[in-house]
Amino acid sequence: MISFCFLLFISLSAIQSHGLDKFTAAVYEHAVILPENSITPVTADEALVLMNRNIDILEKAIKSAASQGAHIIVTPEDGIYGWIFTRETMYPFLENIPHPEVNWIPCSDPERFGRAPVQTRLSCIAKLNSIYVVANIGDKKPCNISTVGCPEDGHFYYNTAVVFDSDGRLVARYHKYNLFSFEGQFNVPPEPEMVTFETPFGKFGIFICFDILFYKPAAALVVDHQVDTILYPTGWLNILPHFTAIEIHSAWAMGMGINLLAANLHNTSMRMTGSGIYTPETPGPYYYNMDTEHGHLILSELSAHPRNSSTFFTPNWSLYANSIGQYSPGHNVFRGHLFSDEFTFTELTEPQGNYTLCQKNLCCHLTYTGMEKIIDEVYVLGVFDGLHTEEAKCYMQICTLLKYQITDLETCGLPVETASTKFNYFSLSGNFSSSFVFPEVLLSKINLAAGMFQVLPDGRLTSLSSISQEPLLSASLIGRLYDKDPIH
Ligand SMILES: *[C@@H]1O[C@H](CO)[C@@H](O)[C@H](O)[C@H]1NC(C)=O
Ligand SMILES: *[C@@H]1O[C@H](CO)[C@@H](O)[C@H](O)[C@H]1NC(C)=O
Ligand SMILES: *[C@@H]1O[C@H](CO)[C@@H](O)[C@H](O)[C@H]1NC(C)=O
Ligand SMILES: *[C@@H]1O[C@H](CO)[C@@H](O)[C@H](O)[C@H]1NC(C)=O
Ligand SMILES: *[C@@H]1O[C@H](CO)[C@@H](O)[C@H](O)[C@H]1NC(C)=O
Ligand SMILES: *[C@@H]1O[C@H](CO)[C@@H](O)[C@H](O)[C@H]1NC(C)=O
C-alpha cells in the first residue's frame, strides 16, 4: 500500500512538474451578429440580448471543441458585439473587468464586481465544458473628469481580451494597445500590458489584432517573456498581396518561433476571413472562405513547447545574402506601389534566372527555375526598404517574388487573387538589418503552401518539390525594423 501510494505520488508530481508535451487547441471564426441600431444607444438589457445571441453561437462552438478534446479555444475580437460604435452606443455593452489577481470565478460569484452577465456566462461555459475560453469584450473603468486624460463621459473604455480557465476562473485580462483606425470609441491604456499566464500545456501570452504589427506587446511577449503560445483574437481585414490574415499571421508564428492561435471574424463584405492554428513549422490548419457567411471551427494538436523541439532553430536571416556576391538586377527595372509602399521591381523574363535587386540598405536575391509562365501574367522580384504609412506607421524591409498586377481596364486596380503560373523551384533571401523576419508563401485563390516551402538556417526561403504543382501568387520575406518605428 505504501509503495502504491508512493508510486501514485511520483507519477502525479511528474505530471505536475513537466505538464503536457502536447495539447489540443481550437479557434472559432465567427460571423458576428451586429447591432441593428448603431446610432441611438440601447439599454443595457437590449445590449445583453444581442450579446447573448452571439454567445449562443460561440457556446455551440466551445461545446463542440471541448467534446473533441480541446484544452483551449479562442474566439474573435469584437465577436460578441461587432465593431460599429460611438462612445455613447458602446457604453451599454461594457462591463467592469477586474484584474485577475482578485482570483474570481464569475460563475460562482456573479455579483462580486457589479453587474457582469457576460463574464458570468463565459465563465460558466468554460467551467461546464472544462476548457479554457478566450473571448473579447469591453471593459469600463471610471475616472475623475477633472483629471488630465479622463474622457468627458467619466470612463475609460478598453477593447479587452479575457481568458477563463477550465474552472471558470478569470486568469488573464489584456487591454488592446494598438487600436485600429475605426476604434475611436476605445481608449489606449497608459502603458502596453504584457499579459502572460502558465498552464499545464505551456506559457501563454495574449494580444489583439493590429497589435501584431508592433514590438509592444506582441514581439516583446516572445523576446522578453518566452511564451510558447500566443492567443490572438482578431478582426482582420485582408489586404493583398502581403497582408491577408492567413499569410501574415502564419508568417509571424514561423518568424517568432511560437504557436499562434488566431481567431478572426467572418464578414466577406468587410474582407474579414482567415483563422488558423499556426506553429513555427507549419502554416496551418487554417480557414479562409469568401463564399459563405458562416462561422467555422478549427482544431489541431500542437506542441506545448515548440522551441524545445529537436528540429527547432532560429535562422540568421542575412547569413546567405551576406555570403554571396550580387547578381544582375535584370533589364526591366521599374518602380511601383503595393499598399502605398514604393517598391523597386524587376521583371522575370526567362524560365530561370538569378537576380539581385536593392533599395536603400536592403538587397534581395532570387534564384528560380522552371517558371511555366502563362502568357498574360507578369512575375517580378520586388524590394522595399522604408517606413510603411498606410493604416499603420511601421518600418519594413520586404523581399518578394510575386505575380504583378498590371493596372488596366480588365483588372481595374483590383488585387490579384488568382494565378496560373508555376515554378519548379525558387530561393529568396535578403541582407536584412533585423532578426524579425516573417516568411510567407501564398498560392492562387488565397491558399497557404503548407509543406511546400522551408526556411533554412542561413535565412533562405526555398521551395520544396511539391510547389511545382501549385500556381504561385507570392513568396515573401517581411522584415520589421521596430527600432525605426516612430514613437507610439
Ligand atoms: C475629482 O478631482 C477633483 C480635483 O482633484 C476633486 O476635488 C474631486 O473631489 C474629485 N472627485 C471625485 C469624485 O473623486
Ligand atoms: C458585414 O459588415 C457590414 C459592414 O459593417 C454590414 O453592413 C453587414 O451586414 C455585415 N454582414 C453580415 C452578413 O453580417
Ligand atoms: C525546454 O527547454 C528549456 C531550455 O532548453 C528547458 O529549460 C526547459 O525545461 C524545457 N521545457 C520543457 C517543458 O521541456
Ligand atoms: C548572422 O550572420 C552574420 C554574418 O553574415 C553575422 O555577422 C551575424 O552576427 C549573425 N547574426 C546572428 C544573430 O548570429
Ligand atoms: C544561378 O546561379 C547558380 C549558382 O548560384 C547557377 O548554378 C545557375 O546556373 C544560375 N542560373 C542562371 C540562369 O544563371
Ligand atoms: C546590403 O547589401 C548592400 C550591397 O552590398 C549594401 O550596400 C548594404 O549596406 C547591405 N546592408 C546591410 C544591412 O548590410
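Every number for a ligand or one of its atoms is a count from 1 in the order of the listing.
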Please assess E111 against R115 for the test salt bridge (Lys or Arg N to Asp or Glu O under 4.0 Å), listing each intermediate value before the final yes or no.
CA-CA 6 Å; E111 301 289 326; R115 186 177 183 275; over 6 Å; no
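- Looking at N267 next to ligand 2, an N or O pair under 3.5 Å apart turns up.
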Donor-acceptor contacts, no H, no angles, side chain residues 437-445, under 3.5 Å, sequence neighbours left out:
| residue | atom | partner | partner atom | Å |
| --- | --- | --- | --- | --- |
| S444 | OG | A419 | N | 3.0 |
| S444 | OG | A419 | O | 3.3 |

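- For the side-chain contact (heavy atoms from CB on, under 4.5 Å) with N361, the lone residue among D385, L481, N431 that qualifies is D385.
- S340 and H388 form no side-chain donor-acceptor contact under 3.5 Å, judged by distance and modelled atom types alone.
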What does the N/O contact table under 3.5 Å look like for ligand 1?
| residue | atom | partner | partner atom | Å |
| --- | --- | --- | --- | --- |
| ligand 1 | 2 (O) | N144 | OD1 | 3.4 |
| ligand 1 | 2 (O) | N144 | ND2 | 2.3 |
| ligand 1 | 2 (O) | S146 | OG | 2.9 |
| ligand 1 | 11 (N) | N144 | ND2 | 2.9 |
| ligand 1 | 14 (O) | N144 | ND2 | 3.4 |

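- Outside the 6.0 Å centre-distance limit, the rings of F339 and H242 are not counted as a close aromatic pair.
- Remark: ligand 2 atoms within the under-4.0 Å shell around heavy atoms of S269 are 1 (C), 2 (O), 3 (C).
- Residues M272 and W236 have side chains not in contact (no heavy-atom distance under 4.5 Å, counting atoms from C-beta outward).
- On a distance-only criterion, N431 and ligand 6 share at least one N/O pair closer than 3.5 Å.
- Residues S181 and E391 form a side-chain contact, since some pair of their non-hydrogen atoms from C-beta on lies under 4.5 Å apart.
- The shortest N/O to N/O separation between Q326 and ligand 6 falls below 3.5 Å.
- At least one heavy atom of C363 sits less than 4.0 Å from an atom of ligand 6.
- In summary, of the residues considered (Y174, W252, Y177), a ring-ring contact (aromatic ring centres under 6.0 Å, His included) with F207 occurs for W252 alone.
- Note on E152 versus R87: no salt bridge recorded, every NZ/NE/NH1/NH2 to OD/OE distance being 4.0 Å or above.
- Taking every heavy atom of S433 and a limit of under 4.0 angstrom, the matching atoms of ligand 6 come to 13 (C).
- Each of the atoms 5 (O) of ligand 2 lies under 4.0 Å from some heavy atom of I84.
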